[in-house]
Amino acid sequence: MAIIKSVVNRLRHPVGAAGLALAVTAMAYTGYANIAGNAQAPSAFSGLTLTDDKGRDFDFASLSGRPVAVFFGFTHCPDVCPMTLHRLGFLRQKIGPEFDRIKIVFVSLDPKRDTPEVLKNYMEGQPVRVTGLTGTEADIAKMAKRFDVFHEVIRVPGQDYTVDHTASIFLVDKKGRRSGEITMDADESEYEKKLRQLLQGSTNLHPKNQI
Amino acid sequence: MFLKNAAIGLLLVGGVVSVPQIVRSDSASLQVKDAWANPTASGQSVAAGYFVVHNRTNRAEVLRGASSPAAQNLQFHTSSLVGGVARMRKVERFNIPAGGQLKLAPGGNHLMLIGVKQQFKVGETVPVTLHFNSGASVKVKLEIKNADKSSSSNGGHHGHH
Ligand SMILES: [Cu+2]
């Protein structure tokens, strides 16, 4: 197991060993046989387990075949998280109906407060259709780690707590490949450019895909 | 960051000329404009409010507190983005230079309403009183609405510190 792990770690960095990658992909990614044959990295969502805002186990496989925009936050985040949602709302107006091909996923970093019901209420008022996900702390931590998302609970005097968190939107193409990131300080033209690229499938793949 | 905020401030002020909302009280030379807050979801207990204070006096002023019947506890916060990570922290007061302005906007300085008693719904207003060090207080009404484009689609209004 340790050997496989170290191989996986090496594969995550673009070492340029395509032959090695081909040879070991099937072994390293036995859990993802459906795509391992193409010598591709596993889907960005493989092996993740979370609950959707209707209280059901979320079917991550349902994301394959669709461009996906994932971001992390919490519903008790009154300032930054609504900004991201409103910007997506503006881009939806600008890009038009095609925008709705993008599946938007919001992952709560505050499972204690963000029950499926709380998430559902929160998502209903948003300018874009968003699937809210929550889960156990461990499952959320795994999802966050997958996207290199930092998150830390901070006590606030006079208030329970807040959560510092990476506020970027992560783009995943229809083949499940990490294909870009929109940071919170991006301007509207960058949002538009990257979302259109995501829709067209003409994205720069994240190094994690370049095995 | 200040320059960026100032630029966004002009945008915001420019964007709402059709509905000038100037609320004055006992201090005619402290003006609060463009006061608003996002709607809340049912069960959501916190909200953020935004406004611009114009200090038209010839002395510096300090915004030191706020009160409202709509929430249990009102604080001032600032959000910042450092290395892609958004952080929100409490601040005790905001200084407003003589002849200057204080702008609260998404992704930066904001009024934090904690323990919101009723859901904020679009079209409603929420009364808030702002308290200043000089003893002045200004009553404002936060208009509940979704962020308009100028306040939220430009990336310049987070705090780089
Ligand atoms: Cu806050």
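Each chain gets a letter, A, B and so on, in the order the sequences are listed, and its residues count up from 1.
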For N146(B), is it the side chain, the backbone, both, or neither that has a heavy atom closer than 4.5 Å to a heavy atom of chain A?
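Contact with chain A is through both the backbone and side chain of N146(B).
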With a 4.5 angstrom heavy-atom cut-off, is it the side chain or the backbone of A47(B) that approaches chain A, or both, or neither?
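Backbone only.
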Kindly check if the number of other-residue, nucleotide or ligand heavy atoms within 6.0 Å of [atom1] ([X]) is above 12?
X	atom1	answer
R87(B)	CZ	yes
K117(B)	NZ	yes
E190(A)	CD	yes

So for T75(A), is it side chain, backbone, both, or neither that comes closer than 4.5 Å to the heavy atoms of chain B?
backbone
For L85(A), is it the side chain, the backbone, both or neither that has a heavy atom under 4.5 Å from a heavy atom of chain B?
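Nothing of L85(A), per the 4.5 Å heavy-atom cut-off to chain B.
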Within a strict 4.5 Å, meaning less than it, do heavy atoms of the M112(B) and D79(A) side chains meet?
no
Between N38(B) and P82(A), what is the shortest heavy-atom contact and its length?
ND2-CB, 3.8 Å
For residues G107(B) and M83(A), report the shortest heavy-atom separation together with the two atoms involved.
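Closest pair (atom of G107(B), atom of M83(A), distance): N-SD, 3.2 Å.
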At what distance, to the nearest 0.5 angstrom, does [atom1] of [X] lie from [atom2] of [Y]?
X	Y	atom1	atom2	value
T183(A)	L81(B)	OG1	CG	7.0 Å
H165(A)	M88(B)	NE2	CE	10.0 Å
S80(B)	M184(A)	OG	CE	8.5 Å

Using salt bridge (Lys or Arg N to Asp or Glu O under 4.0 Å) as the criterion, list what pairs up with D110(A), not counting sequence neighbours.
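Listed in chain order: R113(A).
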With a 3.5 Å cut-off and sequence neighbours excluded, list the donor-acceptor pairs that the side chains of residues 123-132 of chain A form with protein atoms.
| unit_1 | atom_1 | unit_2 | atom_2 | d |
| --- | --- | --- | --- | --- |
| E124(A) | OE2 | K120(A) | NZ | 3.1 |
| Q126(A) | NE2 | Y122(A) | O | 3.0 |
| T131(A) | OG1 | K103(A) | NZ | 3.1 |

Select, from R89(B), Q72(B), K90(B), the one with the greatest count of heavy-atom pairs under 4.5 Å involving chain A.
R89(B)
Given side chain to side chain contact (heavy atoms under 4.5 Å, CB included), test N121(A) with Q44(B) step by step and report yes or no.
CA-CA 9 Å; N121(A) 285 333; Q44(B) 186 181 333; over 6 Å; no
